[in-house]
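Note sheet for the following structure.
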Amino acid sequence: MDYGLITFSSTHGAICAQKALEPVAPVRVMPVLREISLGCGMALRFPPEDLESVRQALANSALKPGEYAFYAITGSGPALRAEPL
């Protein structure tokens, strides 16, 4: 996995998650990849080594598990693969 990605069912969820995750891991806001293309259009990117701390922080946040989804991203360009975590 090159990086982790979290998609959201709403923009509000993405903003809430960003606030909850900033103290835990270096997250970056980015558009949802077209290989995934679901949710509100906003995603958060994070380093793979922070997966467990990111999962824990979201579990402790106000967001419900159905409001977000994790993906493992590998490669780039035509070789990009997005797999649910």
Side-chain angles (χ1 to χ4, degrees):
M1 171 169 60
D2 291 336
Y3 61 92
L5 195 70
I6 311 166
T7 60
F8 302 91
S9 59
S10 71
T11 303
H12 178 274
I15 293 167
C16 181
Q18 182 183 14
K19 289 178 184 176
L21 296 177
E22 283 179 339
V24 175
V27 295
R28 292 193 313 184
V29 177
M30 63 180 281
V32 174
L33 301 169
R34 71 181 148 179
E35 289 82 3
I36 300 170
S37 72
L38 65 103
C40 71
M42 291 176 65
L44 294 179
R45 177 181 175 156
F46 63 92
E49 61 270 13
D50 292 326
L51 175 61
E52 288 311 314
S53 57
V54 165
R55 281 188 189 267
Q56 188 63 39
L58 283 183
N60 294 332
S61 75
L63 293 172
K64 295 179 176 72
E67 296 181 89
Y68 56 89
F70 285 91
Y71 291 87
I73 308 301
T74 306
S76 63
L80 186 136
R81 290 183 339 162
E83 300 173 357
L85 282 173

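The figures here come from the full heavy-atom set of this structure, side chains too, leaving out hydrogens, waters and symmetry mates.
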Search all heavy atoms of [X] against all heavy atoms of [Y] and return the closest pair with its distance.
| X | Y | result |
| --- | --- | --- |
| V27 | F46 | CG1-CB, 4.1 Å |
| M42 | V29 | CE-CG1, 3.8 Å |
| R55 | L85 | NH2-CB, 3.4 Å |
| A59 | Y68 | N-OH, 4.1 Å |
| A57 | A20 | CB-O, 4.3 Å |
| P47 | P26 | CD-O, 3.5 Å |

Subject >> Test item: D2 and L80 side chains (from C-beta on) under 4.5 Å apart, heavy atoms >> reply: no

Original post:
Do the side chains of Y3 and R28 get nearer than 4.5 Å, heavy atoms only?
Top reply: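 With C-beta onward as the side chain, the pair stays apart.
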
**OP:** Answer with yes or no whether the hydrophobic clustering places L44 together with M30; edges join I, L, V, M, F, W, Y residues whose side-chain heavy atoms lie under 4.5 Å apart.
**Re:**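 No, no single cluster joins them.
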
Original post:
With the 4.5 Å side-chain cut-off for hydrophobic clustering, are F70 and L63 part of the same group?
Top reply: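 The answer is yes; both residues are in one hydrophobic cluster.
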
Original post:
Can you check side-chain contact (heavy atoms from CB on, under 4.5 Å) on Y71 and L33, steps first, answer last?
Top reply: CA-CA 11 Å; Y71 291 87; L33 301 169; over 6 Å; no

Original post:
If you round to the nearest 0.5 Å, how far is CD1 of I6 from CZ of R45?
Top reply: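 Result: 12.5 Å between the selected atoms.
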
